[in-house]
Amino acid sequence: MPQWMGTFYGEPIDIDRGEGRHVWDAEGNRYLDFFGGILTTMTEHALPSVTAAVSDQAAKILHTSTLYLNRPMIELAERVAELSGIDDPRVFFTSSGTEANDTAMLLATCYRGSNQILALRNSYHGRSFASMAVTGNRGWSATSLSPVQTLYVHGSRRPGGTWANLGDRELADACVEDLRDVLDQAHGTVACLIAEPIQGVGGFAVPPDGLLGRFREVLDEHGILWISDEVQTGWGRTGEHFWGWQAHAQHGPPDMLTFAKGLGNGLSIGGVVASAEVMNSLQASSISTFGGSPVTTAGALANLEHLLAHDLQGNALRVGRRLRALLEDGCEAIPEVVDIRGKGLMIGVELGDARTGTPDPVLATTILESTRRRGLLVGKGGLHGNVLRIAPPLSLTEDEARSGAEILLAALREGK
């Protein structure tokens, strides 16, 4: 394995199996999973209906490619299109979120005849050459070489940042003015804005509700497309809405949305939903060898139906609010916790120096190790690597939320 392939913990965990909201390592240690393989185990580990769908399909045929149709791919596309909120939608499946974002940018640049793309500072959109080019978090953008010209705009606050103390309305006003200023300096046509409704790798930084809708007003003045990167915020994880863009929906849905991770519950799937006008604008043939795989789409369809039938979005709202309240109450006496933010079961805990608030990535790593020893897995991110990322499966129970909060709070008290 390459040296640059990051793993958590000084001694990485060999995860052997999972069930519900728990996983076990190869040594038999049991962990409550508060990260879900980077927000990917959306419903629960080893969900029986998904396992059965995969097994049944695998017994028929494993692979065909998009050169041929298969019933699970078509049925899943119909469900995703119906749920997307986009008018006259078309769906193209890929094998990852990175590839989904690449596809959306390809569509936008071809449709608009421009390689200029707007992205948010502190953003993350994948690990391909093109998606790195629009990633605003320096820790995940390995090169300044790029197939596109990226214009970065403000979209969220960070503790200690220039606009940290602005209220939501004032912050939104400042971000809109910043967008207008950046567009005034652009060279002619701009293809699109790509934005996460909540910045995942960026430490669950949350824009003010309605901001992307206000951006949409400005974009529409120039004919610029809006791509909502829903790889981490989709499928009800925020609790309040099924898609992250719906918190910014005063002017309707985005032109495109991209998805991945949670839909497959661990199966490799991603995709793009776009209006027919935009999706069909590509003036060349294109396929996906592994996108729309009969096995992955069969499993994803079973997973999506389970999520909808059991109102896991509603559970994310209820249990997420309870979990956040427990953390906020418990962290009042822990000055190293400089911010708690997020929505639903997507919660960020930012750590910093108790006196100055300076980001403390060392403490975040310490807490990560401490929670692991206590039987809890959490994530880590943010521009400085100082934000604990909490994103368990959406079926998390209140008892499990309480247990996880107690472990995390104990680790924070010990580590400060």
Side-chain angles (χ1 to χ4, degrees), residues 15 17-23 32-60 70-85 91 93 95-97 100 230-244 246 257-271 273 291-320 322-323 343-346 390-401 404:
I15 293 181
R17 65 184 180 92
E19 181 180 339
R21 275 72 55 194
H22 291 83
V23 296
L32 178 58
D33 186 1
F34 264 31
F35 201 38
I38 321 178
L39 292 83
T40 301
T41 304
M42 177 169 70
T43 51
E44 60 183 72
H45 290 283
L47 182 65
S49 58
V50 172
T51 302
V54 169
S55 178
D56 290 347
Q57 182 59 51
K60 295 177 181 179
N70 68 79
R71 185 168 297 276
M73 176 176 68
I74 299 304
E75 291 181 354
L76 182 61
E78 290 173 344
R79 290 296 275 141
V80 173
E82 176 189 8
L83 292 164
S84 71
V91 181
F93 290 114
S95 56
S96 70
E230 301 278 352
V231 170
Q232 297 196 31
T233 52
W235 318 112
R237 178 163 289 281
T238 69
E240 297 175 0
H241 303 97
F242 194 74
W243 302 106
Q246 290 170 313
L257 67 82
T258 59
F259 60 85
K261 289 189 182 290
L263 177 61
N265 209 44
L267 297 164
S268 297
I269 190 169
V273 188
S293 156
V295 172
T296 57
T297 52
L301 182 60
N303 189 51
L304 179 57
E305 297 296 355
H306 178 90
L307 175 128
L308 296 170
H310 293 82
D311 187 25
L312 295 192
Q313 176 186 334
N315 190 67
L317 180 64
R318 292 187 298 273
V319 179
R322 179 61 179 149
L323 176 56
K343 294 183 177 183
L345 287 174
M346 192 174 187
I390 299 166
L394 302 189
S395 57
L396 187 76
T397 68
E398 289 205 12
D399 285 344
E400 290 166 341

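In this structure the side chain of Leu394 never reaches within 4.5 angstrom of the side chain of Asn315, judged on heavy atoms. Side-chain contact between Phe93 and Thr296: absent, with no pair of heavy atoms (C-beta onward) separated by less than 4.5 Å. A 4.5 Å side-chain heavy-atom check between Ser395 and Thr43 finds every atom pair outside the cut-off. Side-chain contact check for Pro72 versus Gln57: some heavy-atom pair is nearer than 4.5 Å. Contact check for Arg322 versus Leu396: no side-chain heavy atoms found under the 4.5 Å cut-off.
Formation of a donor-acceptor pair under 3.5 Å by the Asn70 side chain with backbone atoms of Gly292 is found in this model. Formation of a donor-acceptor pair under 3.5 Å by the Glu19 side chain with backbone atoms of Ala46 is not found in this model. Although no hydrogens or angles enter the test, the distance criterion places no donor-acceptor pair under 3.5 Å between the side chain of Ser55 and the main chain of Ala52. In terms of modelled atom types and a separation under 3.5 Å, the side chain of Ser95 and the main chain of Ser268 share no donor-acceptor contact.
Nearest approach of Ala260 to Ser96, heavy atoms of both residues: CB-C, 4.0 Å. Residues Met42 and Asn265 share a closest heavy-atom pair of N-OD1, 2.7 Å. Minimum heavy-atom separation, Gly270 to Ala100: C-CB, 4.5 Å. Smallest separation of non-hydrogen atoms from Leu257 and Ser84: CD2-O, 3.8 Å. Contact detail for Gly299 and Leu267: the closest heavy-atom pair is CA-CD1, 3.7 Å. Considering all non-hydrogen atoms of both residues, Gly264 and Ala300 come closest at CA-CB, 4.2 Å.
In this structure, the separation between CZ on Arg237 and CD on Gln313 is 12.0 Å, given to the nearest 0.5 Å. Glu44 contributes atom CD, which lies 11.5 Å from atom CG of Leu307 (distance to the nearest 0.5 angstrom). Put simply, CG on Leu39 and CD1 on Ile390 are 11.5 Å apart, with the number rounded to the nearest 0.5 Å. Atom NZ of Lys261 sits about 4.5 Å away from atom CD1 of Ile38, to the nearest 0.5 Å. A distance of 11.0 Å separates CD of Gln246 from CD of Glu240, quoted to the nearest 0.5 Å. To the nearest 0.5 Å, atoms CD (Glu78) and CD (Glu82) are separated by 9.0 Å.
Listed by chain and number, the residues in a side chain to side chain contact (heavy atoms under 4.5 Å, CB included) with Thr397 are Arg21, Asp399, Glu400 (sequence neighbours excluded). Applying the side-chain hydrogen bond (donor to acceptor under 3.5 Å, both in side chains) criterion to Glu305, with sequence neighbours excluded, gives Arg79. Listed by chain and residue number, His310 satisfy the ring-ring contact (aromatic ring centres under 6.0 Å, His included) test with His306 (two or more places apart in sequence, or in another chain).
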List the steps, then state whether side chain to side chain contact (heavy atoms under 4.5 Å, CB included) holds for Leu76 with Ile269.
CA-CA 11 Å; Leu76 182 61; Ile269 190 169; 3.8 Å; yes
Step by step, work out the ring pair (Phe, Tyr, Trp, His ring centres under 6.0 Å) result for Phe259 and Trp243.
CA-CA 10 Å; Phe259 60 85; Trp243 302 106; 7.1 Å; no
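Residue Leu83 qualifies as enclosed at atom CG: its count of foreign heavy atoms under 6.0 Å is above 12.
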